[in-house]
Amino acid sequence: MEQKKPGERYNEIVAKLEKKYEVMGQDLSSYLDGLLYSDYLTYWDYIHLDTLLSLQNPKTSFPDEKVFIVYHQISELYFKLIIWEIEQITAEEKPNADFFQDRLKRIIRYFEQLVSSFAIMVDGLDKDQFLKFRMALLPSSGFQSAQYRYIELMSTDLINLVSAEDRATKNEGGAVGLMEKLYWRKGATELASGVKTLTLKHFEEKYMRSFSDLAVRFQSRNLNKIYTQNFKDHPQITELLRAFDRLANVVWPLSHLKSAGKYLRKDPDDIRATGGTNWQKYLPPRLQRIFFFPELWSDAEKAEWGTSDRG
Ligand code: HEM
C-alpha cells in the first residue's frame, strides 16, 4: 500500500475533526488551542492511583487488618467487572450468541480469580490478629456487599433467590412478596421472634430500594431469562452457564466458608459472626441451595449441590 505523506495525513485528520465538531456546532480551532495547553496524561492520574491507594484505612493497629481490607476491595472490583459483563449481555433482548459466550467466559475467569485468591484470607491472615481486629468491625460483614446481591438479581429470577423452604410454597405476593423472602433476609432474621440482625437492618436501610428497582428491571431480562428464551439449545452457552452457576453458588461459597470455618470454629462453642447470622447453617451452599439456572441441573446433581467443589 502506498504510504501517505505526513502533510496529507494531517489534512485528512483535520478534515475529519472539522466534520466531527461542525456537527455539534463547535469551532475546531478552539479545541486545538485546548490541546496545545493541556497537560500530558500520566498513568497515576488516569487510574486515580493516589485516590485508590488512600482507601485502605484500618480501624486497629493490627498489621493484618490492612490485608483484610485490601482483599475485600479486590473482591469488590472483581464483582464490579462481573456486573459490567452481565450489563452488556443483558442490554439487548437477544444478544449475539458469540458475544454471550465471550462475556460468560470473562465472568468465569473473574470468578476463578476470586476463588483461587481466597487463600489470601484462608491462609494469609494471622488468626490471633484476625480474632482481635474483627471485634472493632462489628456489626459490619461481607454480608452487606451490595454488588454481590446485584450479581444475583441480574443473573436469575427472584424465585431462585428465595430461601429454599419458601421456594417450594406458592407465592401470592408477586415480586414484592418474593423480595420479602430473599434467602439472605431470612438468614439474618431470628425465626422465632422475626427480629432482624442490626447488620441486616443497616443493609436494608441503605440498599433495599436499589435492590427492588434492579429486581424489577431484571425480572424480564436477567441471564436466566435470556438463556431460556433464546439459547436453550446452545450446548456451549449451556455449559458456560453451568460453570458460572457452580462457581458463584458452590465453589466461591465453599472457599469463603473455609475462612469462616478456620477463624470462627472453636470447640465447643463456635464464635459469633460479626454480621450475627447463624453462619454454620447460613453459609454452606448445600443448605442454601441457590441455583441461578435451576433448569440446567438434573435432580441427582441438585441433590449433590454444595457437597464438593469439584466435579
Ligand atoms: C476471614 C475472612 C472472612 C470471614 C471469616 C467471613 C465470614 C463471613 C460470615 C460469618 C458471614 C455470614 C454473615 C455474618 O453473620 O456475618 C459472611 C457473609 C458474607 N461474606 Fe464473608 N467472610 C470473610 C471474607 C469475605 C470476603 C473477602 C468477602 C468478599 C467480598 C466476603 C463476602 C461475603 C458475602 C458476600 C457474604 C454473604 C454471603 C451470602 O449471603 O450467601 N467475605 N462472611
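Values reported hereafter were calculated over all heavy atoms of this structure, with side chains retained and with hydrogens, waters and symmetry mates removed. Remember, it's 1-based here, ligands and their atoms both numbered in the order they're listed. Predicted model only: the values in this text are computed from it and were never measured.
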Worksheet entry | Those atoms of ligand 1 less than 4.0 Å from some heavy atom in R149 | 37 (C), 39 (C), 40 (O)
Worksheet item: Partners of S30 by side chain to side chain donor-acceptor pair (under 3.5 Å), sequence neighbours excluded?
Response: D27
Worksheet, complete the sentence: of all protein heavy atoms, closest to atom 39 (C) of ligand 1 is Y282 OH, 3.3 Å
Worksheet item: Among protein heavy atoms, which sits nearest to atom 10 (C) of ligand 1, and what does the distance come to when rounded to 0.1 Å?
Response: A273 CB, 3.3 Å
Worksheet entry | Per-atom contacts of ligand 1 with Y263, taking only distances under 4.0 Å to non-hydrogen atoms | 1 (C)
Worksheet item: Taking NZ, NE, NH1 and NH2 as the nitrogens, is one of them in E112 or R109 under 4.0 Å from a carboxylate oxygen of the other?
Response: no
Worksheet item: Is it true that R272 lies under 4.0 Å from ligand 1, counting heavy atoms only?
Response: no
Worksheet item: What's within reach of atom 21 (Fe) of ligand 1, meaning protein N/O/S atoms under 2.8 Å?
Response: H256 NE2
Item to complete: For L264, take its heavy atoms, then give the atoms of ligand 1 lying under 4.0 Å from any of them.
Response: 10 (C)
Item to complete: Number the atoms of ligand 1 from 1 as they appear, then name those within less than 4.0 Å of a heavy atom of S75, with their elements.
Response: 29 (C), 30 (C)
Practice prompt. For W252 and ligand 1, answer yes if some heavy atom of the residue is under 4.0 Å from a ligand atom, otherwise no.
Written response: yes
Worksheet item: Are R289 and E165 close enough for a salt bridge, meaning some N to O gap below 4.0 Å?
Response: no
Worksheet, complete the sentence: Q288 heavy atoms within 4.0 Å reach ligand 1 at atoms 41 (O)
Response to the item:
Here the atoms of ligand 1 under 4.0 Å from any heavy atom belonging to Y71 are 27 (C)
Fill in: Short N-O contact, R134 and E65, less than 4.0 angstrom
no
Worksheet item: What class does the angle between the rings of F133 and F62 fall in, given that below 30° is parallel, 30 to 60° is tilted and above 60° is perpendicular?
Response: tilted
Fill in: R286 NZ/CZ over W305 ring centroid, <6.0 Å and within 45° of normal
no
Practice prompt. Mark yes or no for whether E76, through its side chain, and Y71, through its backbone, hold a donor-acceptor pair below 3.5 Å.
Written response: no
Worksheet, complete the sentence: Heavy-atom proximity to atom 5 (C) of ligand 1, picking from F118, F130, Y183, points to F130
Item to complete: Pick whichever of H72, E76, K127 has a heavy atom sitting closest to atom 24 (C) of ligand 1.
Response: H72
Discussion item. Suppose we measure from atom 9 (C) of ligand 1 to each protein heavy atom; which comes out shortest, and what is that distance?
Written reply: L283 CD1, 3.7 Å
Discussion item. Tell me whether the rings of F231 and H234 are parallel (<30°), tilted (30 to 60°) or perpendicular (>60°).
Written reply: perpendicular
Fill in: Distance flag, aromatic centroids of F143 and W279, threshold under 6.0 Å
no
Discussion item. Does this structure show an ion pair linking E190 with K196, if we count only N-O contacts that are shorter than 4.0 Å?
Written reply: no
Response to the item:
heavy-atom search around atom 15 (O) of ligand 1 in the protein gives T277 OG1, 2.6 Å
Worksheet entry | Ring center gap for Y110 and F244 short of 6.0 angstrom | no
Item to complete: Could you list the atoms of ligand 1 found under 4.0 angstrom from a heavy atom of W279?
Response: 10 (C)
Worksheet item: Pick one: which of F218, F100, F292 meets side chain to side chain contact (heavy atoms under 4.5 Å, CB included) with L223?
Response: F100
Discussion item. Centroid separation under 6.0 Å, is that true for the rings of W252 and F118?
Written reply: yes
